[in-house]
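Heads up: the structure comes next, in structure tokens.
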Amino acid sequence: MSTPLIRVYNTLQHAKVPLEPITPGKLGVYVCGPTVYSYVHIGNARTFTSFDVIVRYLRFRGFEVKYVRNYTDVDDKIINAAKASGEDPIALAARFVGEFEADAKALHLIAPDVSPKVSETIPEIVALVKTLVEKGAAYVSGGDVYFEVRKFPGYLKLSGKNLDELQAGAGEREQKGEVKRDPGDFALWKGAKPGEPSWDSPWGKGRPGWHIECSAMSSKYLGETFDLHGGGLDLIFPHHDNEIAQSEAASGKTLCHCWMHGGFLDLDGAKMSKSLGNVVQLRDAMKRVDPEALRYFFLGTHYRQALAFNDKMLADAETRMEYFYETLKKIDERVTGKDFGQGALHGDPERFIAQFDEQMSDDFNFSGALGVLSGLFAELNQLADKPPVKDKPMVGRTLVALRGVVTRLSKVLGVFDDVPADWLLRRRDRQVVAKGLDVAKIEGLIADRKAAREAKNYAEGDRLRAEAKAMGVEFIDSPQGTTWKVIAELATA
RNA sequence: GGCGUCAUAGCCAAGCGGUAAGGCAAGGGUCUGCAAAACCCUCAUUCCCCGGUUCGAUUCCGGGUGACGCCUCCA
């Protein structure tokens, strides 16, 4: 089978470029992780899911990926949150690392190979700052150390901004003070203030500035130059520009070959932000919608594109997940424990893998890949319910092969990787709770209807069906008896 | 003001020069005592507008219009 060349959109070049690993067969990937001062919101979750699928796909393609995603656990926001709650900043950060990991697991995010923390990287950060000072790229001022942006020739090459125009627009915010030589200079190291976490350094007690931690952690685990660096779109400036400046001024080498940025999740036509008060936490979203459905929703739009978050889309995603799982349940019942012998297949199940590859290799075209999935599941259903050929063993063999394809793709997407019957039941349980349904009553209706139908009293049977429907419950008749499901509707918060 | 992204059917969404994937919704059908699920069929002569390049443009270029983002913490 042909394996298409992977092309990735590189923010640095504003173009899709062929992925050329520094070391053949291997890839170093760094993704800017959460600042752990609160629970993650669904916007974070979208970005992390995007890179989760990207790393899974890269591995699917046979690359040995070293995946690093950090925790920023020393930061102004954490200190402020700790002040507000009266907690120790380090302890608060540690607590939210734990909460993040729980959320990440629930969302089916694979664990990175390394999840470094700022608090555990202080010696490397101090060494890096020291190097920058020694090379004349940074200077000490009071107890602080600043990076001197005017001395770094390629500054702002990622964002394409202009330093002078930037400062012209900054107005009152960044006046030239006593401490900084230039308003654009940024802190590598901040002198300690009372009540803040601090560490010893050649410049006295203090803590790292923003930006520097990622430079230190990426070089520690991936080397001075690595393949892919990811993060949200908002990190381009200043965070990634500053990372490039610090790292490249220190090493004299290119920090990263390819910079990838994920698009935002919008709520009510605007970016989610604290100031607008429209933040939805991931864990709250996962109470309302199945985590896999949430992943599927994220994957419905290309990772660089804005995605509007709303209840209708979420409900659609869950309905779609139900279709996938109903199909898989049916196939599994049809196929498990049976021997269909050896021989030819109907059609070519592997073509779906090729089509999937074609989409994903083109800058990870998630929605294109999902389109391929539709064809796969349609074929599965068609073969199971209306087989176009009479050769039953052949149909069985093809079903088995197709099911195998589904499994392989589900490992990349991180959806419908559960036991179908379990997933379906779990979803129904959640719907029952959300709607406050009385299961005993539903089963009572089913029993009454069974009796009515056995007495050929179909009018009564239909009346009972209608009664259930009024409650939001659908009866499903089959030769094995009557089961039921909750009519799709998103659970309210 | 500077930088950047985007504009495709009722809705969501691919498409990257060769004549519009996929999903939801809707309508019709098969199946069913009635349903549900599944399957089949229908559903954009057209891709915000105006120019240009080309044999050919939704796709490239120029100019509009509109939306969003970054420039302050942010995934």
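Labels below follow one simple rule: chain letters A, B, ... track the order of the sequence lines, proteins then strands, and each chain is numbered from 1. All values reported here derive from a predicted model rather than from experimental measurement.
Side-chain nitrogen and oxygen atoms of A:Tyr296 include none within less than 4.0 Å of the OP1 or OP2 phosphate oxygen of B:C12. A close approach under 4.0 Å does not occur between any side-chain nitrogen or oxygen of A:Lys469 and OP1 or OP2 of B:A36. The side chain of A:Asn162 places no N or O atom within less than 4.0 Å of a non-bridging phosphate oxygen (OP1 or OP2) of B:G2. Proximity of A:Gln382 to the phosphate of B:C40: a side-chain N or O atom is located under 4.0 Å from OP1 or OP2.
Of the candidate nucleotides B:C34, B:C24, B:G15, B:G15 has the atom lying nearest to any side-chain atom of A:Asp362. Looking at the side chain of A:Leu265, the nearest of the listed nucleotides B:A35, B:C24, B:A75 is B:A75. Each of B:G22, B:C39, B:C70 was ranked by its minimum atom distance to the side chain of A:Ser374; first place goes to B:G22. Of the candidate nucleotides B:A75, B:G2, B:C11, B:G2 has the atom nearest to the side chain of A:Glu165. Here the nucleotide nearest the side chain of A:Asp234, chosen from B:C70, B:A14, B:C24, is B:C70. The side chain of A:Asn365 sits closest to B:G15 out of B:G33, B:G15, B:C11. When distances run from any side-chain atom of A:Lys330 to the nucleotides B:G69, B:A75, B:A38, the shortest one goes to B:A38.
At the heavy-atom level, A:Leu156 lies nowhere under 4.0 Å from the strands shown. In this structure, A:Tyr323 reaches the sugar-phosphate backbone alone: every heavy-atom distance under 4.0 Å involves primed, P, OP1 or OP2 atoms, never a base. At a threshold of 4.0 angstrom between heavy atoms, the contacts of A:Gly375 with the nucleic acid are absent. Heavy atoms of A:Phe237 sit under 4.0 angstrom from primed sugar atoms or phosphate atoms, though from no base atom. Residue-level contact check: A:Asn381 touches the backbone only, with heavy atoms under 4.0 Å from sugar-phosphate atoms and none from bases. Residue A:Arg69 is out of contact with every strand shown, counting any heavy-atom pair closer than 4.0 Å. Here A:Arg465 lies in heavy-atom contact (under 4.0 Å) with a base. The residue A:Ala308 sits apart from the nucleic acid: no heavy atom pair falls under 4.0 Å. Contact annotation for A:Gly231: backbone-only contact, meaning every heavy-atom pair under 4.0 Å involves sugar-phosphate atoms and none involves a base. A:Lys77 comes within 4.0 angstrom of sugar-phosphate atoms only, judged by non-hydrogen atoms across all strands, and of no base.
One cannot find a donor-acceptor pair under 3.5 Å joining the base of B:G69 and the side-chain atoms of A:Arg304. One N or O donor and one acceptor, one from the side chain of A:Lys161 and one from the base of B:C70, sit under 3.5 Å apart. A donor-acceptor contact under 3.5 Å is formed by the side chain of A:Asp462 with the base of B:G33. A donor N or O paired with an acceptor N or O is found under 3.5 Å between the base of B:A75 and the side-chain atoms of A:His41. If you check distances only, the side chain of A:Lys16 does reach the base of B:C16 with a donor-acceptor pair under 3.5 Å. Below the 3.5 angstrom threshold, one finds no donor paired with an acceptor across the side chain of A:Arg46 and the base of B:A75. On a pure distance criterion of 3.5 Å, no polar donor-acceptor pair joins the side chain of A:Asp266 and the base of B:C68. Taking 3.5 Å as the limit, the base of B:A75 and the side chain of A:Thr47 contain a donor-acceptor pair of atoms between them.
Across the strands present, B:G33 finds no partner; the criterion is a Watson-Crick or G-U wobble pair with both atom distances under 3.5 angstrom. In a base pair of the Watson-Crick type (N1 to N3 plus N6-O4 or O6-N4) or a G-U wobble (N1-O2 and O6-N3), with each distance short of 3.5 Å, B:C43 is matched with no nucleotide. With a cut-off of 3.5 Å on both pairing distances, the Watson-Crick or G-U wobble partner of B:G62 is B:C50. The partner of B:G18 is B:C55, by the rule that a Watson-Crick or G-U pair needs both atom distances under 3.5 Å. Base pairing of B:C24: its partner is B:G10, meeting the Watson-Crick or G-U wobble criterion (both donor-acceptor distances under 3.5 Å). Pairing for B:U5 is with B:A67, a Watson-Crick or G-U wobble pair whose two hydrogen-bonding atom distances lie under 3.5 Å.
Residues A:Trp189 and A:Tyr146 are not in side-chain contact: their nearest non-hydrogen atoms beyond the backbone lie 4.5 Å or more apart. In this structure the side chain of A:Ser410 never reaches within 4.5 angstrom of the side chain of A:Glu292, judged on heavy atoms. Using a 4.5 Å cut-off on side-chain heavy atoms (C-beta onward), A:Phe364 and A:Val53 make no contact. With contacts defined as side-chain heavy-atom distances shorter than 4.5 Å, the pair A:Val97/A:Pro34 does not qualify. Residues A:Val36 and A:Thr72 fail the side-chain proximity criterion, which asks for heavy atoms closer than 4.5 Å.
Between the P atoms of B:A14 and B:C48, the separation comes to 14 Å (whole Å). B:A20 sits 16 Å from B:A9 when the P atoms are compared, rounded to a whole Å. The separation of B:U72 from B:C12, taken at their C1' atoms, amounts to 34 Å, rounded to a whole angstrom. Separation of the C1' atoms belonging to B:U58 and B:U54 is 16 Å when rounded to the nearest angstrom. B:G27 and B:A36 are spaced 12 Å apart, taking the P atom of each and rounding to whole Å. Taking atom P in both B:C50 and B:U59, one finds a spacing of 12 Å when rounded to whole Å. Spacing of C1' atoms, B:A7 relative to B:G64, comes out at 14 Å, to the nearest Å. B:U19 and B:A57 are spaced 10 Å apart, taking the C1' atom of each and rounding to whole Å.
Side-chain atoms of A:Gln246 and A:Ser215 form a donor-acceptor pair, as typed in the model, at a separation below 3.5 Å.
A straight line from CG of A:Asp316 to C1' of B:G22 spans 14 Å, rounded to a whole angstrom. Atom CD1 in A:Ile236 sits about 19 Å away from atom P in B:G2, given to the nearest Å. A:Gln480 places its CD atom 14 Å from the C1' atom of B:A36, with the value rounded to the nearest Å. Between A:Glu474 atom CD and B:A35 atom P the separation is 11 Å, expressed in whole Å. Here the P atom of nucleotide B:U5 and the CG atom of A:Leu12 are 14 Å apart, to the nearest Å. Going from atom NZ of A:Lys329 over to atom P of B:A36 covers 18 Å, rounded to whole Å. Atom pair A:His14:NE2 and B:G4:P shows a separation of 6 Å (rounding to whole Å applied). Summarising the geometry, the separation between CD1 on A:Ile78 and P on B:C73 is reported as 15 Å, rounded to the nearest angstrom.
In this structure, CD1 in A:Ile331 is found 12.0 Å from NZ in A:Lys329, a value given to the nearest 0.5 Å.
Under the 30°/60° scheme for interplanar angles, the aromatic rings of A:Phe377 and A:Phe416 are found to stand perpendicular.
Annotation: of the two residues near RNA chain B, A:Cys32 and A:Phe377, the 5′-most nearest-nucleotide partner is A:Phe377.
Ion pair A:Arg283/A:Glu99 flagged as a salt bridge, since at least one NZ, NE, NH1 or NH2 atom sits closer than 4.0 Å to an Asp/Glu carboxylate oxygen.
Residues A:Tyr303 and A:Phe298 keep their aromatic ring centres 6.0 Å or farther apart.
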